[in-house]
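First up is the structure itself, then whatever we jot down about it.
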Amino acid sequence: MAYWLIKSEPDEISFDDLLKAPDCTVAWFGVRNYQARNFMRDQMCVGDGVLFYHSSCAVPGVAGIAAVASGAYPDASQFDLASPYHDAKATPAAPRWVSVDVKALHKGNFVSLSALRTMASLDDMVLLQKGSRLSISPVTALEWHAIVAAVGGEGAVDGVLTTV
DNA sequence: GCCAACGTTGGC
DNA sequence: GCCAACGTTGGC
């Protein structure tokens, strides 16, 4: 059982989009960073908790709580010539990039980046470190519980995430 | 739009 | 394997 924060530009996929999707689930594709890929490929498990973060927008912050809903599988967009995520060096026999499915669990309070920065328990959070650009970053249990409490999602999340 | 920080590429 | 140049991220 692990916890993660994933960044999305809300213009591309917002937390509301996730809630509107079938089964509140979307494929998380387009990650083109090796460290983030390795987290998905090697460590993410079904039932892990996910903080869904809106980046590159007017008010960045945690927009909702989600869960990992699949193991890693090849990201189809790497083979798609028409996709901005196409990768000429990837082949179906030797894929480079992976996706996981992400399922929305609860939308509560929006917790802005500036609010996160005021929370003492988050001083060491990867997201808040200077120059941190990882689109997927690990979250400690302490950080998870502090942010879920700020979102107001304890009830909705309790018992939903599985123990792996 | 600016710019700091970081990742990737490619020549040597 | 070094490292300069370049591209990207993302807050402001």
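Letters A, B, ... mirror the listed sequences (proteins, then strands); counts begin at 1. All of these numbers come straight from a predicted model, not from anything done at the bench.
- In this structure, A:K130 does not reach the B:dA4 phosphate: none of its side-chain N or O atoms is under 4.0 Å from OP1 or OP2.
- Between A:I6 atom CD1 and C:dT9 atom P the separation is 16 Å, expressed in whole Å.
- Between A:Q129 atom CD and C:dG10 atom C1' there is a gap of 16 Å when expressed in whole angstrom units.
- For the side chain to side chain contact (heavy atoms under 4.5 Å, CB included) with A:F15, the lone residue among A:K20, A:H106, A:K107 that qualifies is A:K107.
- Between A:D11 atom CG and C:dT9 atom C1' there is a gap of 15 Å when expressed in whole angstrom units.
- Closest approach to the A:S56 side chain among B:dC6, C:dC12, C:dG10 is made by C:dG10 (side chain taken as heavy atoms from C-beta onward).
- For B:dT9, the OP1/OP2 oxygens have no side-chain nitrogen or oxygen of A:Y34 closer than 4.0 Å.
- Within 6.0 Å of OH on A:Y3 lie more than 12 heavy atoms contributed by other residues, nucleotides or ligands.
- Side-chain proximity of A:R133 to the nucleotides C:dC12, C:dG10, C:dT8 is greatest for C:dT8.
- Taking the six-membered ring for Trp and the full ring otherwise, A:W97 and A:Y34 have centroids separated by under 6.0 Å.
- We find that CG of A:L128 is positioned 16 Å from C1' of C:dT9, with the value rounded to whole Å.
- In this structure, CZ of A:R32 is placed 14 Å from P of C:dT8, rounded to the nearest angstrom.
- Distance, A:H54 NE2 to C:dG11 C1': 16 Å, rounded to whole Å.
- Taking atom CH2 of residue A:W97 and atom P of nucleotide B:dG7, one finds them 13 Å apart after rounding to whole Å.
- Screening A:L105, A:I65, A:I6, A:I136 against A:V50 for a side chain to side chain contact (heavy atoms under 4.5 Å, CB included) leaves a single residue, A:I6.
- When the nearest nucleotides of DNA chain B are assigned to A:K89 and A:Q35 by heavy-atom distance, the more 5′-ward of the two goes with A:Q35.
- Going from atom OH of A:Y85 over to atom P of C:dT8 covers 12 Å, rounded to whole Å.
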